[in-house]
Chemist: 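Can you keep this structure in mind? I'll have questions shortly.
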Amino acid sequence: MIDGPVWHPFTQHATEPAPPVVQQTDGAYLDTDRGRLIDAISSWWVITHGHRHPAIMQAITETAARLDQVIFAGLTHQPAEDLAAGLVRLAPAGLTRVFYSDSGSTAVEVALKMALGYWQARPGGAGSRHRIVVMEHSYHGDTIGTMSVGERGVFNAAYEPLMFGVDRIPFPTGDGRNTGEAFRALAATGEIAALIVEPLVLGAGGMLMYPPDILRDLRAICDAHGVLLIADEVMTGWGRTGRLWACDHAEIAPDILCTSKGLTGGAVPLAATLASEPVYQAHFSTDRARTFFHSSSYTANPIACAAGLANLRLWEAGGMQATLDRVAALQAERLADLAARPGWVNPRRQGTIAAIDLSVAAAGYLAEDGPRMRAHFLDHGVLLRPLGNSVYVLPPYCVTAADLDAVWGAIAAYRRG
Ligand SMILES: *Cc1c(COP(=O)(O)O)cnc(C)c1O
């Protein structure tokens, strides 16, 4: 049982043990009151280079000495301007405008609003196209809007009455033609405003992976029918999939891209929704009713933007590709070793992310093994949070071979009840 005033996210206080208290973070490690943990899930996918990367922490300290939050309507500041220019340089081609917010969910909400705003401004106007297509098993956040475009299940059943309707396409199986065919039929109706996808890896849906050519097909169908493509790169961005963006593997550019988790290297919260010129121009008008009506209080926090800029400089300095390749190779070896053992099925990897399923009769998020596995990993000094019976390792890029040996060793040592 967990007691006290803090209500933890995605946590059943009645059944879970009191959590360790984190006292210091360093690289791939979390030092707690119960000893050191290897952070094998990058603290829920946000930490990229490692905890407290010196360049990022220095940017935060220096900026905090002269700036804190300032209103971002009617004012601007250099960290936001420089970061936006840098994001446009690094993003897939054609994404020329940067709208800041403060979480992945908000970045997605902004993307959906931009897409509807785009169609509102087209001939035919209001309601000309308002339907959103989503992929089965997707996750885009926990607000009402982002739950609406995500998979429905035990997480959001209670909120169903408040959610808006969307059209769903199946997760790609086999050659993935099932997905393309379903999407082509929907796109042909002329009612679809946008398709939103997690490119290549569906994170919270179970680290499900599909190849780049399917993403390329979806882009082509969007082009053929004038549907906007929204890439939710909140988890996949900043190198997780082995390239800076998952979209880079498919050599495509979305019309709208959402980024958050790794944007500041994970140090402080920040999000951005990048838009193509047509999406921006649809809102650019002497008619003030066409303004993009969205803001968060902490939009473009200067300290967070400075952290983002320091992260961006690490990417622009070169050497990141070699770092990603190193982590990917370490992961591939260890995943193959575990996959050769009995009791483990469905090994999969995309870049630095590796996942495998415990072979169980009762799968799914509420599978009994989830909490048991988590406790087992903590006992082994490893922070892992299986998604149901799927175990995934998504480490910060400073992780060593010895760290990963410890992580995969702990997974291999798990024995069922
Ligand atoms: C985590 C996540 C989000 C939501 O981000 P928050 O910062 O938790 O609101 C959205 N989309 C994807 C793909 C994510 O993994």
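Atoms within each ligand, like the ligands themselves, are counted from 1 in listed order. Basis for what follows: all heavy atoms, side chains included, without hydrogens, waters or symmetry-related copies. Here, residue 1 is the first one in the sequence, and each next residue gets the next number. On a predicted model such as this, the values are computed, not experimentally measured, just so you know.
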Chemist: Within 45° of the ring axis of W408 and under 6.0 Å from its six-membered ring centre, is that where the NZ or CZ of R334 lies?
Modeler: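 No, R334 and W408 do not form such a contact.
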Chemist: For ligand 1, which atoms, with element, lie under 4.0 Å from some heavy atom of H140?
Modeler: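 What qualifies from ligand 1 is 10 (C), 11 (N).
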Chemist: Quick check: K261 and ligand 1, any N/O pair under 3.5 Å apart?
Modeler: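 Min N/O separation from ligand 1 is below 3.5 Å for K261.
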Chemist: What atoms of ligand 1 come closer than 4.0 angstrom to any heavy atom of D232?
Modeler: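 What qualifies from ligand 1 is 10 (C), 11 (N), 12 (C), 13 (C).
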Chemist: Please list, in number order, the atoms of ligand 1 under 4.0 Å from a heavy atom of M235.
Modeler: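 Atoms satisfying the 4.0 Å criterion: 15 (O).
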Chemist: Is there a side-chain contact (heavy atoms from CB on, under 4.5 Å) between M114 and Y280? Walk through the geometry before answering.
Modeler: CA-CA 8 Å; M114 283 178 176; Y280 174 80; over 6 Å; no
Chemist: Thinking salt bridges, do E316 and R89 make one under a 4.0 Å N-O criterion?
Modeler: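 Yes, this pair counts.
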Chemist: In ligand 1, which numbered atoms sit nearer than 4.0 Å to a non-hydrogen atom of W45?
Modeler: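 Atoms satisfying the 4.0 Å criterion: 15 (O).
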Chemist: Under a 4.0 angstrom heavy-atom cut-off, which atoms of ligand 1 come close to S103?
Modeler: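 Result: 7 (O), 9 (O).
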Chemist: Using 4.0 Å as the upper bound for N to carboxylate O, is an ion pair formed by R348 and D357?
Modeler: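 Between R348 and D357 there is a salt bridge, with a charged N closer than 4.0 Å to a carboxylate O.
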Chemist: Flag V108 as yes when one of its N or O atoms lies below 3.5 Å from any N or O atom of ligand 1, and as no otherwise.
Modeler: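 For ligand 1, there is no N or O atom that lies under 3.5 Å from one belonging to V108.
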Chemist: Considering only heavy atoms of G104, which atoms of ligand 1 have at least one such atom less than 4.0 Å away?
Modeler: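 In order of numbering, the contacting atoms are 4 (C), 5 (O), 6 (P), 7 (O), 9 (O).
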Chemist: Can you check atom 8 (O) of ligand 1: any protein non-hydrogen atom closer than 4.0 Å?
Modeler: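 Within 4.0 Å: no protein heavy atom nearby.
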Chemist: Could you list which atoms of ligand 1 come closer than 4.0 Å to a heavy atom of S105?
Modeler: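 Listed by number with element: 4 (C), 5 (O), 6 (P), 9 (O).
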Chemist: Any atoms of ligand 1 less than 4.0 Å from a non-hydrogen atom of E198? List them with their elements.
Modeler: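 That gives atoms 13 (C) of ligand 1.
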